Amino acid sequence: MSQDKAQAQQQTTGHVWDDDLQEFNNPLPTWWLWTFYLSIIFAVVYWFFYPSWPVGKGFLTGTGTITYKNDKGVEKTTHWSTRALLMKDLQDARESQKKYLDKVAALPFDQLKTDPEAFGFVASAGGVLFKDNCAPCHQSGGAGKMAFAPNLTDDDWIYGGTYEKIQETITNGRHGIMPPKGGADLNDGEIDSLANYVLSLSGEPSDAAKAKAGDELFHGKGVCFSCHGPDAKGNKDIGSANLTDKIWLWANVPAAGTAEKKVEAVKAVITSGLNKGVMPSMKERLSAQQIKLLTSYVHDTLGGGSK
Amino acid sequence: MIKHEQIETNLGLMLVLTLLAISIGGLVEIVPLFFIKDTVEKVEGVRPYTALEQRGRDIYIREGCFLCHSQMIRPFRDEQMRYGHYSLAAESQYDHPFQWGSKRTGPDLARVGKKYSNEWHVQHLMAPRSMVPESVMPNYPWLMTPLDTSDVADRMAALRITGVPYSVDQAELDKNTKEFGAEVAKQLHIPDAQKNLVAQAQAGNYDGNPNDVTEMDALVAYLQVLGTMVDFSKYDNDRFVQYR
């Protein structure tokens, strides 16, 4: 134990435990002490510039200030705070995107599409907005989901594929409602006939005799025509589906392997009606500008938009 | 004078003094907030949860949703752009315990209300990957079981002790009517809690089944109200800046 001698010269706290257990009392290293003193000085300087001590019902706001322009362009100066810092950050964001946002605001949709710079912005900013707000329902790339939300990339539009209609859809939301059995008093045989008729409209296999009976019910007792139209092509104002194309949203006809299963799928929709198709209104969540970006994105980037 | 040695040789004393020493930092930061006038911003619209929403909140906590989801949008540019207006203290004034959190495996939920349809929430909670293929959120199929509504009044009474203004008598009901309006005040009345809960679940039909009241009804009702109480279009943002 060659250290014993050196240790004996060092100070101890004077406590002795279990006969010979002692505790050293070494001085702290100088560098450590100075860092400690400097951090105390730093804290005092910090109190001076930044919000710090509570006083009465308020607090010292410090002398540091932040000047920012709010979204209305009015300049404000206030004491330093993370919220003011955010306002400044948002101002910077607005200014760096101003070039593009001004174009998006000024150009009508068809010119937006042909302006490479503005359209590049639509594709990237619109794409981000779509991923955050729309893809959970319409799926990535807007491919849609059977029995949940429509495909946005095809030419088939429930509510209309013009810029105006798409903008209206995003702004106010949509909710397509079909009462059970179309609201009419139908028995199972009649529903069976109607299902065969509906399938026959898009060239799916169907029983000719039942389809004929269904035709009559569709335009008569079933009052289906009042919403889906006499030609069964649907009414875009109320979002009643076009029943003559091969695109299905609610009756999963494409996945049904056999003719019977297809009939079952359509019958199920007619019997229970539809109430689940809710497209939320975005006007409280997104700004008019963001909605315009998204409209352009859905119409021109996802494809399928109509004149 | 207590000597160093006395403290070191007395475990109980050392514990008490250690606790005192380390609580100073916390107390200095927290206590003044109770006295500063503007800690909780003054905004209209924030109200306690209805009986159904409160039960939904209890299920949210029971299922540990907070382990992956925070409910506080911080005042940063990226958060504001993604989630919406940063959270105000006022918005969680009736939350016991609050759900701020800092662990985000999933997105922040402070403003998820009305973002999706009820139908989306139901399908997403039953099987998240059916809606978001790359999700790592667990399935919660058991939420489609009947909700135990028998103790909701007790739960509200317990929250009342912490300061949530649920009412027990006519005088308190009148006071709430003045503060929140008649519609909301009725929902905050403890004696009617169970009746209100069932009525809201059946009218709102959150789980797609109007007849029975399930845990899903409660949880979705809760999710759909998150972050929707304050109408930010009514306020100048510069106002909230002043509070901090």
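So you know, we letter chains A, B, ... as the sequences are listed, proteins then strands, and number each from 1. In this text, all values refer to a predicted model and were calculated from it rather than measured experimentally.
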(message) With a 4.5 angstrom heavy-atom cut-off, is it the side chain or the backbone of Val122(B) that approaches chain A, or both, or neither?
(response) neither

(request) Taking side chain to side chain contact (heavy atoms under 4.5 Å, CB included) as the test, write out the residues that go with Val31(B), two or more places apart. (result) Leu27(B), Phe35(B)

Please tabulate the donor-acceptor pairs under 3.5 angstrom that span chain B and chain A, backbone and side chains included.
from, atom 1, to, atom 2, distance (Å)
Glu8(B), OE1, His15(A), ND1, 3.0
Lys37(B), N, Lys57(A), O, 2.9
Glu41(B), OE2, Arg83(A), NH1, 3.1
Glu41(B), OE2, Arg83(A), NH2, 2.8
Arg111(B), O, Arg285(A), NH1, 3.3
Arg111(B), O, Arg285(A), NH2, 2.5
Gly113(B), O, Arg285(A), NH2, 3.1
Lys115(B), NZ, Asp132(A), O, 3.1
Trp120(B), NE1, Pro136(A), O, 3.0
Ser130(B), O, Lys145(A), NZ, 3.0
Met131(B), O, Gln139(A), NE2, 3.0
Asp236(B), OD1, Lys72(A), NZ, 3.3
Asp238(B), OD1, Tyr68(A), OH, 2.7
Asp238(B), OD2, Asn70(A), ND2, 2.8
Phe240(B), O, Arg83(A), NH1, 3.0
Gln242(B), NE2, Thr78(A), OG1, 3.4
Arg244(B), O, His79(A), NE2, 2.8

(request) Return the set of residues passing side-chain hydrogen bond (donor to acceptor under 3.5 Å, both in side chains) with Glu179(B) (not counting sequence neighbours), or none when no residue passes. (result) none

(message) At a 4.5 Å cut-off on heavy atoms, which part of Met279(A) comes close to chain B: side chain, backbone, both, or neither?
(response) neither

(message) Does Leu11(B), at its CG atom, have more than 12 non-hydrogen atoms belonging to other residues, nucleotides or ligands within less than 6.0 Å?
(response) no

(message) Tell me which of these, Pro280(A), Pro136(A), Cys137(A), has more heavy-atom pairs under 4.5 Å with chain B than the rest.
(response) Pro136(A)

(message) Is the shortest side-chain heavy-atom distance between Ile36(B) and Pro54(A) below 4.5 Å?
(response) yes

(request) Heavy-atom distances under 4.5 Å only: say whether Pro133(B) touches chain A with side chain, backbone, both or neither. (result) side chain

(request) Apply side chain to side chain contact (heavy atoms under 4.5 Å, CB included) to Val128(A) and list each qualifying residue two or more places apart in sequence or on a separate chain. (result) none

